[in-house]
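Report on the structure given below.
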2 protein chains.
Amino acid sequence: MMNNVGDFLKTNGIKPSYQRIKIYEYLMNTKDHPTVESIYSALNGQIPTLSKTTVYNTLKIFIDKGIAMAITIDDNEVRFDAFIDTHGHFKCQECHRVYDFHVNFEGAIGDQLDDFQILEQQMFFYGICRSCNEKS
Amino acid sequence: MMNNVGDFLKTNGIKPSYQRIKIYEYLMNTKDHPTVESIYSALNGQIPTLSKTTVYNTLKIFIDKGIAMAITIDDNEVRFDAFIDTHGHFKCQECHRVYDFHVNFEGAIGDQLDDFQILEQQMFFYGICRSCNEKS
DNA sequence: TTATCAGTTTGTAATGATTACAAACTAAAA
DNA sequence: TTTTAGTTTGTAATCATTACAAACTGATAA
Ligand SMILES: [Mn+2]
Ligand SMILES: [Mn+2]
Ligand SMILES: [Zn+2]
Ligand SMILES: [Zn+2]
């Protein structure tokens, strides 16, 4: 075997092509919630024939199969995340970095949505991060 | 005098033109978090010369002046809200309605972001609403 | 009053992200 | 080898948003 990511994709019903493995590895190893554009340009070096359409298609498959998620933290920039446990995101308006944080969703809303069937939860914060704060 | 919305806009540093008053009134009276498209087509009746560009411009001004906010609850559909107190949104995947709910943000994240300066908070839930649940 | 001027509105053109589509390719099965 | 299903690629189409400049408006100054 020797290829963990390939096996992981197979387990999730995704045929592990070279492109798919590379894209998933990149998403897994990169903690900055990359966009389609940044994934494409990061991989274009090792895969010169890579098409942006393939990046779009592959990410859509990952999301459909539940091994990645899309984060629309700002109009007109969709970012992707291989860390799929429910968690919140903080976006720094200075350095544009996106940080993860843990959220206790239950405590935050009480019983207001008791008759609603909740399938997905997102929390986004915006502001200035610690590191940017220290520079001023 | 006699025009509350006009005065309200003036108070917030916005010159109260006919278009701006109508757009703000619509946003205020409509609880369904309308899009640019739905605002435009709702008002096009009474203001036949209305331009979609004016709707975009006006909403941008409202947001800059802090009397409205943009909600990107789903990729490729930006919605607008005149209710600017911090609150959460639930989007029904069946009827596509967007519901407001109250959120206790402090309790939800603890002290994880203590050194971060938080300027804006958003919470989005997705699922099936009560009314759609009852139909099945 | 008329002339001027800043701000507003409008229509059209440009942009840019995403999607549609069909041809080329790949790898496994028959 | 041939077939076939699935994958990748490049190009074209779509669609929301933005840029831009001309037309308009309403207030102010002469
Ligand atoms: Mn994350
Ligand atoms: Mn709302
Ligand atoms: Zn920062
Ligand atoms: Zn519903």
Side-chain angles (χ1 to χ4, degrees), chain A residues 1 3 5-7 9-10 12-27 33-65 67-80 96, chain B residues 3 5-7 9-10 12-26 33-65 67-80 96:
Chain A
M1 286 294 34
N3 188 339
V5 173
D7 290 347
L9 294 180
K10 232 179 285 180
N12 286 91
I14 300 168
K15 201 167 172 182
S17 72
Y18 181 66
Q19 288 88 340
R20 288 169 180 178
I21 290 172
K22 288 299 177 189
I23 292 173
Y24 187 79
E25 278 176 347
Y26 184 78
L27 203 56
H33 307 84
T35 62
V36 164
E37 185 61 37
S38 59
I39 295 169
Y40 173 74
S41 37
L43 296 179
N44 205 20
Q46 0 170 5
I47 318 174
T49 64
L50 184 64
S51 163
K52 210 173 280 185
T53 301
T54 298
V55 180
Y56 276 104
N57 290 340
T58 301
L59 290 169
K60 183 186 280 283
I61 291 169
F62 289 172
I63 291 168
D64 288 348
K65 297 297 186 178
I67 64 167
M69 65 176 176
I71 308 292
T72 310
I73 198 169
D74 223 352
D75 314 354
N76 73 36
E77 77 162 17
V78 181
R79 291 161 172 262
F80 296 87
H96 304 126
Chain B
N3 187 339
V5 172
D7 290 346
L9 294 179
K10 233 179 284 181
N12 286 93
I14 300 168
K15 202 168 170 181
S17 72
Y18 181 66
Q19 288 86 341
R20 288 169 179 177
I21 290 172
K22 288 300 178 189
I23 292 173
Y24 187 79
E25 278 175 349
Y26 184 76
H33 307 83
T35 62
V36 165
E37 185 60 38
S38 60
I39 295 170
Y40 173 74
S41 38
L43 296 179
N44 206 21
Q46 358 169 6
I47 318 174
T49 63
L50 184 64
S51 163
K52 211 175 279 185
T53 300
T54 298
V55 180
Y56 277 105
N57 291 340
T58 301
L59 290 168
K60 183 186 280 284
I61 291 171
F62 289 172
I63 291 168
D64 289 349
K65 298 296 185 180
I67 64 166
M69 66 176 176
I71 308 291
T72 310
I73 198 169
D74 222 352
D75 312 355
N76 72 38
E77 78 163 14
V78 181
R79 290 160 171 263
F80 296 87
H96 305 125

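The chains referred to below are lettered A, B, ... by the order of the sequence lines, with proteins before strands, and numbering in each begins at 1.
- Across all strands, E37(A) comes closer than 4.0 Å to no nucleic acid atom at all (heavy-atom distances).
- One interatomic measurement links the two molecules: OH of Y40(B) to P of dC15(D), which rounds to 17 Å at whole-angstrom precision.
- Considering only side-chain N and O atoms, S51(A) lies nowhere under 4.0 angstrom from the phosphate OP1 or OP2 of dT8(D).
- Shortest non-hydrogen contact noted between M69(B) and I63(B) is CA-CG1, 4.1 Å.
- Rounded to whole angstrom, the span from the CD1 atom of I47(B) across to the C1' atom of dG11(C) amounts to 17 Å.
- Residue K52(A) is out of contact with every strand shown, counting any heavy-atom pair closer than 4.0 Å.
- Partner F80(B) forms a side chain to side chain contact (heavy atoms under 4.5 Å, CB included) with one of I23(B), L59(B), T35(B), V55(B) and no other, that one being L59(B).
- In the set dT9(C), dG10(D), dT10(C), dT9(C) carries the atom at the smallest distance from any side-chain atom of T58(B).
- Closest contact between the side chain of Q19(A) and the listed nucleotides dT9(D), dT10(C), dT9(C) involves dT9(D).
- Nearest-nucleotide mapping onto DNA chain C: of N76(B) and N57(B), the residue sitting toward the 5' end is N57(B).
- Residue contacts for T53(B): at a heavy-atom cut-off of 4.0 Å it reaches a base atom on one of the strands shown.
- Taking atom NZ of residue K15(A) and atom P of nucleotide dA27(C), one finds them 9 Å apart after rounding to whole Å.
- One finds no side-chain N or O of S17(B) lying less than 4.0 angstrom from the OP1 or OP2 phosphate oxygen of dT8(C).
- Listed candidates were dT10(C), dT18(C), dT17(D). Nearest to the side chain of V36(A) is dT18(C).
- With rounding to whole Å, L43(B) atom CG is found 16 Å from dT10(C) atom C1'.
- I61(A) places its CD1 atom 16 Å from the C1' atom of dT18(C), with the value rounded to the nearest Å.
- Remark: P of dT7(D) and CG of L9(A) are 12 Å apart, rounded to the nearest angstrom.
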Quiz item: Checking side chain to side chain contact (heavy atoms under 4.5 Å, CB included) for the pair I61(B)/R20(B): CA distance, chi angles, key distance, verdict?
Solution: CA-CA 10 Å; I61(B) 291 171; R20(B) 288 169 179 177; 3.4 Å; yes

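- Between S51(B) and Y40(B), the shortest heavy-atom distance links the atoms C-CE1, 4.0 Å.
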Exercise. Please report the C-alpha distance between T72(A) and D74(B) in whole Å, then the side-chain angles of each, then the deciding distance to 0.1 Å, and finally whether the side chain to side chain contact (heavy atoms under 4.5 Å, CB included) criterion is met.
Key: CA-CA 7 Å; T72(A) 310; D74(B) 222 352; over 6 Å; no

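- Put simply, CD1 on I39(B) is 15 Å from P on dT9(C), counting in whole angstrom units.
- Going from atom CD1 of I63(A) over to atom P of dT18(C) covers 11 Å, rounded to whole Å.
- Each of dA16(D), dT19(C), dT10(C) was ranked by its minimum atom distance to the side chain of Y56(B); first place goes to dA16(D).
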